[in-house]
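Inspection log for the structure reproduced underneath, given as structure tokens.
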Amino acid sequence: QVQLVESGGGSVQAGGSLRLSCAVSGNSYRRCLAWFRQAPGKSREGVAAMSGDGGSTYTNPVKGRFTISQDSAKDTVYLQMNNLKPEDSAMYYCAADEGACWGSYSLDSGKQGYTYWGQGTQVTVSS
């Protein structure tokens with residue numbers, strides 16, 4: 001059983017930065033960890049995913065601005081978000097799958113099949 005708890009959301013102005021954290025309890029080898037976001041009235045979007053070997057995948061709108069990383073000692077996965085834009089405003093969710101990431105499919109929750117989800121943390125970017 002895996003539990004995920006996000007933190008670090010908040011309100012910033014455009015161009016600012018935030019770092020989201022996801023504390024992962026329960027250990028699983030070869031797991032896939034990811035960040036998703038959902039804005040009001042929009043479908044959920046995969047933002048970034050990281051496999052157990054450190055490989056990462058990003059959706060195009062955040063490439064060069066967001067970085068996913070993990071601290072194995074703290075069992076925490078992070079999403080560093082720089083140069084934030086108003087269109088980045090959304091509820092951000094951490095997700096975990098006990099299987100390996102399926103490349104670009106890891107940003108599609110329907111294809112990767114994430115089993116575990118956090119409660120979400122709100123990010124609001126003002127212009």
Side-chain angles (χ1 to χ4, degrees):
Q1 186 75 12
V2 176
Q3 292 185 328
L4 310 173
V5 179
E6 303 99 331
S7 61
S11 297
V12 296
Q13 291 188 328
S17 299
L18 284 173
R19 188 178 77 160
L20 306 183
S21 300
C22 175
V24 183
S25 64
N27 199 13
S28 180
Y29 180 62
R30 292 183 62 201
R31 65 187 180 195
C32 183
L33 296 168
W35 288 95
F36 285 78
R37 65 186 181 187
Q38 188 167 19
K42 294 187 177 181
S43 58
R44 185 169 57 193
E45 174 189 27
V47 177
M50 171 169 275
S51 61
D53 64 2
S56 57
T57 303
Y58 297 90
T59 187
N60 285 336
V62 309
K63 284 182 179 178
R65 300 189 297 122
F66 290 13
T67 303
I68 188 171
S69 62
Q70 59 180 318
D71 184 333
S72 298
K74 296 182 179 179
D75 225 357
T76 301
V77 60
Y78 302 99
L79 184 67
Q80 178 66 46
M81 306 185 294
N82 298 327
N83 190 21
L84 283 161
K85 303 176 181 181
E87 52 264 41
D88 294 320
S89 297
M91 185 71 79
Y92 282 71
Y93 299 91
C94 181
D97 183 7
E98 291 183 325
C101 286
W102 285 22
S104 59
Y105 289 163
S106 60
L107 297 182
D108 185 327
S109 59
K111 293 180 178 176
Q112 177 71 38
Y114 290 96
T115 305
Y116 307 104
W117 292 84
Q119 82 289 349
T121 185
Q122 179 68 40
V123 171
T124 303
V125 184
S126 58
S127 57

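- The backbone N or O of Y105 lies less than 3.5 Å from no partner atom in the side chain of D108, so there is not a single donor-acceptor pair.
- Of the possible polar contacts, one joining the R65 side chain to the N83 backbone as a donor-acceptor pair under 3.5 Å is found.
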Worked verdict on Q13 versus V125 for side chain to side chain contact (heavy atoms under 4.5 Å, CB included): CA-CA 5 Å; Q13 291 188 328; V125 184; over 6 Å; no

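- For Q122, the CD atom counts as densely surrounded, since its 6.0 Å shell holds more than 12 non-hydrogen atoms of other residues, nucleotides or ligands.
- Nearest heavy-atom pair, S17 versus N82, reported as atom, atom and distance to 0.1 Å: OG-OD1, 3.0 Å.
- Judged by distance alone, the side chains of Y92 and R37 do bring a donor and an acceptor atom under 3.5 Å apart.
- Listed by first then second residue, pairs satisfying ring-ring contact (aromatic ring centres under 6.0 Å, His included) with a partner in residues 33-67 read F36-Y114, F36-W117, not counting sequence neighbours.
- In this model, no donor atom of one side chain and acceptor atom of the other lie less than 3.5 Å apart for D71 and T76.
- Shown here for S127 and P86, the closest heavy-atom pair between the two residues is CB-CG, 3.9 Å.
- A donor-acceptor contact shorter than 3.5 Å is absent between the side chain of E6 and the backbone of L20.
- Atom CG of residue L4 and atom OG of residue S21 lie 12.5 Å apart, to the nearest 0.5 angstrom.
- Note that CD1 of I68 is 12.5 Å distant from CD of Q80, once rounded to the nearest 0.5 Å.
- For S89 (side chain) and T124 (main-chain N/O), no donor-acceptor pair under 3.5 Å exists by modelled atom type.
- Salt-bridge formation is detected for the pair D75/R31: a Lys NZ or Arg NE/NH1/NH2 atom is positioned less than 4.0 Å from an Asp or Glu carboxylate oxygen.
- Contact between S69 and V77 at its shortest, heavy atoms only, is O-CG2, 3.2 Å.
- Shown here for L79 and V47, the closest heavy-atom pair between the two residues is CD2-CG1, 4.3 Å.
- For Q119, the CD atom sits in a packed shell: over 12 heavy atoms of surrounding residues, nucleotides or ligands are nearer than 6.0 Å.
- In this structure a side-chain-to-backbone donor-acceptor pair under 3.5 Å is missing from Q112 to C32.
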